[in-house]
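As structure tokens, the structure follows; a few thoughts come after it.
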Amino acid sequence: MNTTTYTPANAEQQAAGSSIPQLCLKIARTRIGIVPLPVYVLLLALIGGFVATGKVPNDICVSIAILTVGGFSCAELGKRLPYFRNIGAAAIFATFIPSYLAFSKLLPAPVLKNVVDFTKSTNFLYLFISSIIVGSILSMDRNVLIKGFLKIFVPLAIGSVVAGAVGTAVGTLLGLGPYHTFFYLVAPIMAGGVGEGAIPLSIGYAGILGQEQGHIFAEVLPPVMLGSLTAILLSGMLNSLGKKRPHLTGQGRLQPGEEAIAPQAESLPGQFDIANIAAAGITSISLYMVGMMCFRLFDFPAPVAMLFVAVMFKLSRLVSPQLQQSSYIVYKFFSTAVTYPLLFAIGASMTPWDKLVSAFNVVNLTVIVSTVASLIATGFFVGRRMNMYPIETAIINACHSGQGGTGDVAILTAAERMQLMPFAQIATRIGGAITVTLTLLAMSQLH
């Protein structure tokens, strides 16, 4: 008696002789991002049905479905554009298409309300950042962690000085004047985003100048956003350069001869221990809560506090090998499955299209691009002189001109180096805090 064990492979072989089953298997294997095509079509139909009824449910399952469909749809468009797909078009599309759709009221109002409410009520940006930071730090080689954190401050500091000088000089030559160029264009770019940069700057400026904070905020916000967009584009170009000249990049490693993610590199283990993965997830959440407590007690930025505590855990050898491996799986899950939905949420709910477009004039763009480009170029050449991978160092410097945590996500996504998130947070949070402090001190001395 002849018996055949059923396997998916056997099913495909049996279907090979029949065109309809073969077509069905091909459709089933097709994905939009991480979503199988049949499920993607089903979700589109369901979301459309809810919109037709006039109300989209606000529960978490529906919100996740909307962000997944929206984020991966926009990213897929970017990935299919010739040339532009190699310079971060997926991240740019996932962020700025929903921003435009929301501004133009092309995104159905019930869908937009669901996205905005979910994004603001859950604050899941910080769940993403904590999982990426803790996962990458705990799975990082200990020697890389020690040497990398000490060395990265040098190209970051030199790059900030060079970018400030170049941007101010360009603006002065174009007729803006050194005062306006530095305080209203250059400094906001490197201030650490909106919440940690533009808002504190505008409050400080208003207090010093005796003006309304809202008007000043509207003036310093566009350079923050356009600087972040420029950093995304240039980071995508750096990623493309790394593929053509592999000797310039460590593919996420900061220094030659060492592995950035030691236990697994880019492959996942064949068997997962669910309990260890759950432990890694709750560890990320616990360290984020430590950061929140530090912010409440000492007014210290929560992501930076979380980063330092994670580093202490790693350096103190308080992390078991099993937890290190599972932390990498948590990191990999969030970087693969959550990045584009998160960017879609950021674009729709936190990126005002009109503010972005308002700064699109030749003079402003020239100053912004020259500032960001000089910051990145300095990181590239200084990193190379310090025996660090120049592309990785340049990308970290690029995060200093990003739009806070959201900018870090977009920049590292465009660069395909999400494992650099711990260093990116140093550039954004600490670098931004230093920039804001020194800028306000300088303005106070001038008035």
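Since the structure is predicted, the reported quantities are computational estimates derived from the model, not experimental observations. Starting from 1, each residue takes its place in the sequence as its number. All heavy atoms count here, side chains included; hydrogens, waters and symmetry mates do not.
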Candidate pair Tyr40 and Ser73, rule side-chain hydrogen bond (donor to acceptor under 3.5 Å, both in side chains), full reasoning: CA-CA 10 Å; Tyr40 178 84; Ser73 297; 2.5 Å; yes
Pair [X] and [Y], ring centroids less than 6.0 Å apart:
{"X": "Tyr100", "Y": "Phe103", "value": "no"}
{"X": "Phe118", "Y": "Phe124", "value": "yes"}
{"X": "Tyr205", "Y": "Tyr184", "value": "yes"}

When rounded to the nearest 0.5 angstrom, what is the spacing between [atom1] in [X] and [atom2] in [Y]?
{"X": "His247", "Y": "Ile391", "atom1": "NE2", "atom2": "CD1", "value": "8.5 Å"}
{"X": "Ile426", "Y": "Phe153", "atom1": "CD1", "atom2": "CZ", "value": "4.5 Å"}
{"X": "Lys244", "Y": "Asn239", "atom1": "NZ", "atom2": "CG", "value": "11.0 Å"}

Would you check if [X] and [Y] make a side-chain contact, meaning some heavy-atom pair closer than 4.5 Å?
{"X": "Pro341", "Y": "Phe72", "result": "yes"}
{"X": "Leu342", "Y": "Val409", "result": "yes"}
{"X": "Met306", "Y": "Met292", "result": "no"}
{"X": "Leu176", "Y": "Thr172", "result": "no"}
{"X": "Phe333", "Y": "Ile277", "result": "no"}
{"X": "Phe93", "Y": "Leu81", "result": "yes"}

Check: [X] side chain, [Y] main-chain N or O, donor-acceptor pair, under 3.5 Å:
{"X": "Ser374", "Y": "Thr371", "answer": "yes"}
{"X": "Ser370", "Y": "Val367", "answer": "yes"}
{"X": "Ser335", "Y": "Lys332", "answer": "yes"}
{"X": "Ser240", "Y": "Gly236", "answer": "no"}
{"X": "Thr428", "Y": "Cys399", "answer": "yes"}
{"X": "Asn397", "Y": "Pro155", "answer": "yes"}
{"X": "Thr119", "Y": "Val116", "answer": "no"}
{"X": "Gln419", "Y": "Gln251", "answer": "yes"}
{"X": "Arg296", "Y": "Met293", "answer": "no"}

Considering all heavy atoms, the nearest Leu138-Ser327 contact: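 Smallest heavy-atom distance, with atoms named: CD1-OG, 3.5 Å.
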Qualifying salt bridge (charged side-chain N to carboxylate O under 4.0 Å, His left out) pairs, either residue in residues 374-394, two or more places apart: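 Passing the test, one end in residues 374-394: Glu392-Arg417.
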Under 3.5 Å, sequence neighbours excluded: what are the donor-acceptor pairs made by side chains of residues 160-170?
unit_1 : atom_1 : unit_2 : atom_2 : d
Ser160 : OG     : Leu156 : O      : 2.8
Ser160 : OG     : His400 : NE2    : 3.1
Thr168 : OG1    : Gly164 : O      : 2.7

Residues Arg31, Glu76: salt bridge by 4.0 Å N-O rule: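 So Arg31 does not pair with Glu76 through a salt bridge.
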Lys151 atom NZ: more than 12 heavy-atom contacts under 6.0 Å: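 Atom NZ in Lys151 is packed in, count exceeds 12.
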